[in-house]
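Since the structure comes first, as structure tokens, the remarks are kept for the end.
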Amino acid sequence: QPVPVIAIDGPSASGKGTVAARVAAELGWHYLDSGALYRLVALAAIGEDVSFDDETEVEALARELPVRFEHARILLGDEDVTDRIREEDCSIGASRVAVLPSVRAALFDRQRDFRRAPGLVAEGRDMGSVVFVDAAYKFFLTASVEARAQRRHKQLMDKGIAATLHDLRNDLQSRDERDAARVVAPLRQLADAVLVETTSMTVEEAVSFVLENVRARQ
Ligand code: C5P
């Protein structure tokens, strides 16, 4: 029996990170935040003064990435970058480096290594379409741009980071466009994925929906 995978894909700030982490915790399964890897590559590029368009250099950074996931903290080398990679420059940088095919290839095996017993909940843009095509459970989690901008706004305010709703909405829209338009692994709702429209759902409701759907099919 292959190790079971729940793949949760969807656009930026759709709440898939929170939902996926909660589902993993409920089931006692491993959790992969694949977006964090792209954010880490962007942060490494910023730190090394490498342009996001320089495919050769960015690929080298992706291959060498000294990352460790420890107790819900993310370390790059010895530095705790858990909060740093959520900042806007890393969000934008992540979606820029994510269009580079060799960067995606460099992160492919690293992502597959997370698949360990008893199971994995993986979230991102191409979990169900590329990295874990054979996942038994695939979900597409989304919400309106307005709802997503408001959620991101609240998250940032809670952390004391200033941002306007207007800027966040524009940034989400341009990242969505870049993620959907790229040639390699574009964001798509797959025919075999279950749609979870969360605009008027709470986190608890979305988590229950996913868990019930998985249990009904187990
Ligand atoms: O999910 P998150 O917003 O952290 O992802 C940051 C960026 O990384 C996305 O905008 C997307 O461009 C890229 N990404 C991707 N494939 C994934 C996960 C994230 O291309 N599986």
Cluster overlap [X] with [Y], hydrophobic side-chain contacts below 4.5 Å:
| X | Y | value |
| --- | --- | --- |
| V184 | V97 | no |
| V41 | V130 | yes |
| L37 | Y31 | no |
| V103 | F108 | yes |
| L61 | V81 | yes |

Which pair of non-hydrogen atoms, one from [X] and one from [Y], has the smallest distance, and what is that distance?
| X | Y | result |
| --- | --- | --- |
| G128 | D9 | N-OD2, 2.8 Å |
| A94 | A42 | N-CB, 3.5 Å |
| A180 | P186 | O-CB, 3.4 Å |
| S34 | G124 | OG-CA, 3.3 Å |
| T199 | A143 | OG1-CA, 3.3 Å |
| A44 | L65 | CB-CD1, 4.2 Å |

Contact check, side chains of [X] and [Y], non-hydrogen atoms, under 4.5 Å:
| X | Y | answer |
| --- | --- | --- |
| R86 | K159 | yes |
| R175 | L172 | yes |
| E57 | S51 | no |
| P66 | L76 | yes |
| E79 | L43 | no |
| D83 | R73 | yes |
| R110 | V67 | yes |

Next on the checklist: Can you list everything that forms a ring pair (Phe, Tyr, Trp, His ring centres under 6.0 Å) with F114? Sequence neighbours excluded, please.
Outcome noted: F69
[X]: side chain to side chain donor-acceptor pair (under 3.5 Å) partners, not counting sequence neighbours:
| X | answer |
| --- | --- |
| D171 | none |
| S91 | R39 |
| T56 | none |

Are any side-chain N or O atoms of [X] and backbone N or O atoms of [Y], one a donor and one an acceptor, separated by less than 3.5 Å?
| X | Y | result |
| --- | --- | --- |
| R68 | G77 | yes |
| K16 | E123 | no |
| Q111 | L107 | yes |
| E205 | T202 | yes |
| R125 | A185 | no |
| D179 | P11 | no |
| H153 | T164 | no |

Checklist entry - R112 and D134: salt bridge (charged side-chain N to carboxylate O under 4.0 Å, His left out), yes or no, with the steps? => result CA-CA 12 Å; R112 306 216 352 145; D134 66 333; 5.4 Å; no
Next on the checklist: Under the salt bridge (charged side-chain N to carboxylate O under 4.0 Å, His left out) definition, can you give me all pairs with a residue in residues 18-31, not counting sequence neighbours?
Outcome noted: R22-E204
Which residues, ordered by chain and number, are linked to [X] in its hydrophobic cluster, where ILVMFWY side chains connect at heavy-atom gaps below 4.5 Å, directly or through other members?
| X | result |
| --- | --- |
| I161 | L156, L168 |
| M157 | none |
| L187 | F140, L195 |
| V210 | I6, I8, V19, V23, L27, W29, V121, Y137, F139, L141, V194, V196, M201, V203, V207, F209, L211, V214 |

Item to check | For D49, all residues meeting salt bridge (Lys or Arg N to Asp or Glu O under 4.0 Å), sequence neighbours excluded | outcome: none
Item to check | Sequence-distant partners of R104, salt bridge (Lys or Arg N to Asp or Glu O under 4.0 Å), two or more places apart | outcome: D126
Checklist entry - Does the side chain of S95 come under 3.5 Å of the side chain of R178 through a donor N or O and an acceptor N or O? => result yes
Checklist entry - Can you tell me if R215 and Q218 form a side-chain donor-acceptor pair at under 3.5 Å? => result no
Next on the checklist: I need the I74 CD1 to I85 CD1 distance, nearest 0.5 Å.
Outcome noted: 4.0 Å
[X], [atom1]: over 12 other non-hydrogen atoms inside 6.0 angstrom:
| X | atom1 | result |
| --- | --- | --- |
| K154 | NZ | no |
| R116 | CZ | no |
| D78 | CG | no |

Next on the checklist: One pair to check against side chain to side chain contact (heavy atoms under 4.5 Å, CB included): E70 and L75. What are the steps and the verdict?
Outcome noted: CA-CA 8 Å; E70 283 180 5; L75 302 171; 3.5 Å; yes
Item to check | salt bridge (charged side-chain N to carboxylate O under 4.0 Å, His left out) between R152 and D167, intermediate numbers included | outcome: CA-CA 11 Å; R152 183 53 56 88; D167 287 349; over 6 Å; no
Checklist entry - Does anything in residues 141-150 pair up under side chain to side chain donor-acceptor pair (under 3.5 Å), and if so which pairs, sequence neighbours excluded? => result E146-R169, R148-D176
Checklist entry - When you check the gap from the basic side-chain N to the acidic O, do D89 and R84 get nearer than 4.0 Å? => result yes
